[in-house]
Amino acid sequence: MVSEKSEMSPKLKITVKYGGKETESKDTPMQQRRSSARIQAKQKEVEEIKLRRIAEVVEEKEKSGEVVTAKSNKRKKINDEESVVKEEVVSEQQKKKKKSHCEESLVKEEDVSEQQKKKKTNGEESVVKEEVVSEQQKKKKKSPATARRELMEVRNEEITVGSENAVGALGDKSLTAKVKDTIRVFNKHYLHLIKDEEERCAKAKAESEKKKKAGKKVSKAEAEKKKTGKKDSAKKDIQPNDSKHAAKRPDLKALTKMMQNNEILYPEKRIGNIPGIEVGYQFYSRAEMVAVGFHSHWLNGIDFIGQSYSKVYSCYELPVAVAIVLSGMYEDDLDNAEDVVYTGQGGHNLTGDKRQMGDQKMERGNLALKNCAEQCVPVRVVRGHESSSSYTRKVYTYDGLYKVVNYWAEKGISGFTVYKFRLRRVEGQPTLTTNQVYFTCGRVPQSVAEIRGLVCEDISGGQEDVPIPATNLVDDPPVPPTGFKYCKSLKVAKSVKLPVNAPGCKCKGICNDPTTCECAKRNGSEFPYVSKDGGRLVEAKDVVFECGPNCGCDDRCVNRTSQKGLRYRLEVFRTAKKGWAVRSWDFIPSGAPVCEYTGILARTEDMDSVLENNYIFEIDCLQTIKGLGGRERRSQNVPFAVNLLDKYDDQGSESAPEFCIDAGSTGNIARFINHCCEPNLFVQCVLSTHHDLRLARVMLFAADNIPPLQELTYDYGYELDSVLDSDGKIKQMPCYCGATGCRKRLF
DNA sequence: TAGGGTCAGTTGTAT
DNA sequence: ACAACTGACCCTAGG
């Protein structure tokens with residue numbers, strides 16, 4: 001955490017605004033900590049809602065008797081709040097519906113007019129009716145492209161003037177945040193589909209094994225065939241051999257889903273820069289480019305505006321290219337950063353030896369580039385690079401706008417005619433450094449000897465499987481992080497008794513059937529993780545139930561993902577303004593576990609007597625589920641967790657977290673991770689050895705694909721103006737996270 | 001590491 | 001409506 005907090009405000013006692021008023025009734029001065037401020041702010045909100053809704057007389061009583069409030073009243077609180085949230089959701093949905101409805105109606109109108117035309121020529125009513133039905137059916141299946149084209153034909157004028165309409169859905173966030181959110185949506189779909197795919201493979205495997213065992217009888221095999229046909233009902237997949245082939249392109253399916261849900265950030269093609277994508281931006285797959293609307297195809301090198309857009313782009317001779325990808329796949333390519341010779345498309349063998357196998361023609365993308373040259377239309381250029389990372393084979397960097405200077409046809413290396421396009425970078429754009437272009441190579445140290453400013457070879461002192469070096473290029477003389485004891489796992493204070501009574505599942509080896517695994521059932525009859533890349537969390541949840549010591553499965557089980565220790569080469573480094581910080585030398589894919597937040601598990605009330613301590617993490621899992629605490633609502637399909645809630649109702653534990661983790665004197669790498677207003681990690685509560693939500697383990701997961709050397713951060717979640725010092729004045733802490741959407745203050 | 005199957009939207013042409 | 005096109009991705013086999 002932010003270490004200079006203590007440097008800036010030595011031993012300052014802090015009171016916190018509580019429930020909209022100061023905590024005189026709760027007169028113990030509360031110290032600042034991660035989440036209580038949020039919870040209190042939320043309560044303030046709840047209180048206000050209540051004020052609006054409940055009669056004022058009742059309110060007066062409640063104000064005075066907050067602590068003694070009956071159970072029913074508390075429930076009311078939550079219900080009120082829930083209903084508000086629900087209302088909000090509904091109205092948003094309505095908005096969306098409205099929007100899509102408008103669009104649909106446009107299409108419908110067109111359909112109708114078309115039908116009318118047909119009616120005129122046909123005259124036969126029955127035929128027309130049939131056509132109407134079939135057309136409607138087809139409309140459902142209509143490809144997004146067709147729909148888009150139809151849409152554009154109707155409102156072409158709007159689109160040429162204001163192409164921002166697609167952006168509206170995400171509100172007034174910063175442009176880069178919109179891009180980030182879109183990629184997150186893509187990753188979410190992607191991981192969900194990978195999970196589906198893994199489940200399908202496991203099923204197919206299990207069934208083929210069954211088949212092998214019972215292979216004697218032919219009739220049995222036939223029965224199974226029927227079974228598979230019924231169960232998966234999918235048109236083509238599920239042949240017994242399919243268990244081997246998991247290559248169902250979840251990335252492409254994720255794109256399809258996004259198109260269906262209208263989640264593509266910029267669904268309309270545009271010439272020039274894409275808002276929120278700066279020069280140097282890194283994509284981790286071709287599919288990401290499609291998700292944003294940067295390049296509308298995952299395979300084509302040249303993205304161009306074709307004849308179908310003639311009404312919208314009447315000022316241009318079409319087709320014109322808008323974006324190209326240099327992947328170095330063509331044998332004739334020459335790539336010198338500022339000056340590029342790009343080989344046109346066509347005559348290329350995609351499979352096999354990947355060489356030219358025919359003449360190229362001046363059509364499609366080639367023609368589009370030619371038109372760009374003649375009409376001075378700039379083209380976005382993306383360069384693909386092999387990545388040393390084991391998780392992404394390729395990284396694509398946006399290199400900026402290029403002009404097509406000239407073009408010619410020549411006999412290529414294989415003897416076939418190929419078109420060549422010379423592209424030159426438009427001036428006035430940020431310069432490209434080799435480091436930007438080849439992002440991972442060289443900069444990440446490969447051994448201890450290469451590390452600059454090394455002050456400690458391993459702050460974990462050998463506890464972690466992967467050593468954690470510390471570097472300091474800021475202080476003179478450079479000092480290592482001190483004043484704490486490294487501890488890989490959670491320690492429990494004397495006053496706390498950690499239960500170990502979690503009932504386990506009866507699976508053997510690796511849990512893979514979510515319908516029979518007891519632990520999976522608790523997660524809503526699904527596994528929260530995919531096994532790809534050693535385990536990735538599909539989506540943030542209220543709480544994750546992992547397999548534990550009482551389970552029949554072993555360490556390889558995917559539902560123990562957070563128990564496997566550090567995976568990535570992390571480094572603690574000194575910053576100028578933010579104290580210590582953490583970054584990874586390895587690429588971290590979204591959903592991957594980064595580390596646990598360890599320290600001493602203690603009672604919150606015991607911590608109130610301790611002076612300033614900036615390393616306290618309150619376990620607010622219970623509050624999160626109940627909707628308190630200002631946490632964003634999470635995936636709600638965890639009925640088991642909701643059942644668990646009843647247990648705590650009598651204990652009045654919803655007002656503030658009962659337990660916390662104190663990493664002040666003892667902790668792990670997590671205590672060095674800084675706050676950021678637009679973070680790349682998120683907090684996830686996990687249960688494995690017991691099912692007490694108040695004592696859940698706290699894990700940090702990657703929210704995005706995180707490139708090497710990017711600082712790791714999560715949202716501390718303070719509500720502004722919620723922290724007061726001992727004089728009752730609002731205490732402020734500036735935020736140095738540097739995010740575009742930074743709130744400028746930590747609290 | 002090479003090879004090969006599969007993925008699915010976009011485009012232009014043929015109904 | 002349909003076929004053609006496409007500078008990707010991932011698994012598997014074989015050295």
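Proteins get letters first, then strands, A, B, ... in listed order; numbering begins at 1 in each.
The nearest whole Å value for the distance from the CD atom in A/E363 to the P atom in C/dA4 is 14 Å. Between A/Y309 atom OH and B/dT10 atom P there is a gap of 7 Å when expressed in whole angstrom units. In this structure, CG of A/L252 is placed 14 Å from P of C/dC11, rounded to the nearest angstrom. In this structure, CG of A/N300 is placed 12 Å from P of C/dC5, rounded to the nearest angstrom. The CE atom of A/M289 sits 16 Å away from the P atom of B/dT10 (whole-angstrom rounding). Atom NZ in A/K257 sits about 17 Å away from atom P in B/dC7, given to the nearest Å. We find that NE2 of A/H297 is positioned 14 Å from P of B/dG12, with the value rounded to whole Å. Straight-line distance from the NZ atom of A/K253 to the C1' atom of B/dA8: 10 Å, rounded to whole Å.
Paired with A/N559 under the rule side chain to side chain contact (heavy atoms under 4.5 Å, CB included), one option of A/S531, A/P528, A/C507 passes, and it is A/P528.
In the interface, the side chain of A/Y342 is paired with the base of C/dG7 through a donor and an acceptor atom under 3.5 Å apart. In this model, no side-chain donor or acceptor of A/R249 finds a partner on the base of B/dA8 within 3.5 Å.
Of the listed nucleotides (C/dG7, C/dC10, B/dG12), C/dG7 has the atom at the smallest distance from the side chain of A/Q345. In the set B/dC7, B/dT11, C/dG7, the nucleotide with an atom closest to the side chain of A/W298 is B/dC7.
We find that A/E198 and A/K532 are not joined by a salt bridge, their nearest charged nitrogen and carboxylate oxygen being 4.0 Å or further apart.
B/dA8 is paired with C/dT6 under the criterion used here, namely a Watson-Crick or G-U wobble arrangement in which both key atom distances are under 3.5 Å. For B/dA2, the paired nucleotide is C/dT12, the pair qualifying as Watson-Crick or G-U wobble because both relevant distances are below 3.5 Å.
Residue-level contact check: A/D303 touches neither bases nor backbone, having no heavy atom under 4.0 Å from any strand. Counting non-hydrogen atoms under 4.0 angstrom, A/F421 reaches nothing in the nucleic acid.
Atom CD of A/E317 sits about 5.0 Å away from atom CG of A/N371, to the nearest 0.5 Å.
In terms of phosphate contacts, A/S296 brings no side-chain nitrogen or oxygen within less than 4.0 Å of OP1 or OP2 of B/dG9. Side-chain N/O atoms of A/Y396 include one lying less than 4.0 angstrom from OP1 or OP2 on C/dC9. At B/dT11, one or more side-chain N or O atoms of A/K269 fall inside 4.0 Å of OP1 or OP2 (strictly under the cut-off).
A distance below 6.0 Å separates the ring centres of A/F283 and A/F294.
The shortest non-hydrogen separation linking A/Y309 to A/K269 is OH-CE, 4.0 Å.
Checking A/R364 against A/S285, the closest nucleotide of DNA chain C that is more toward the 5' end is the one next to A/R364.
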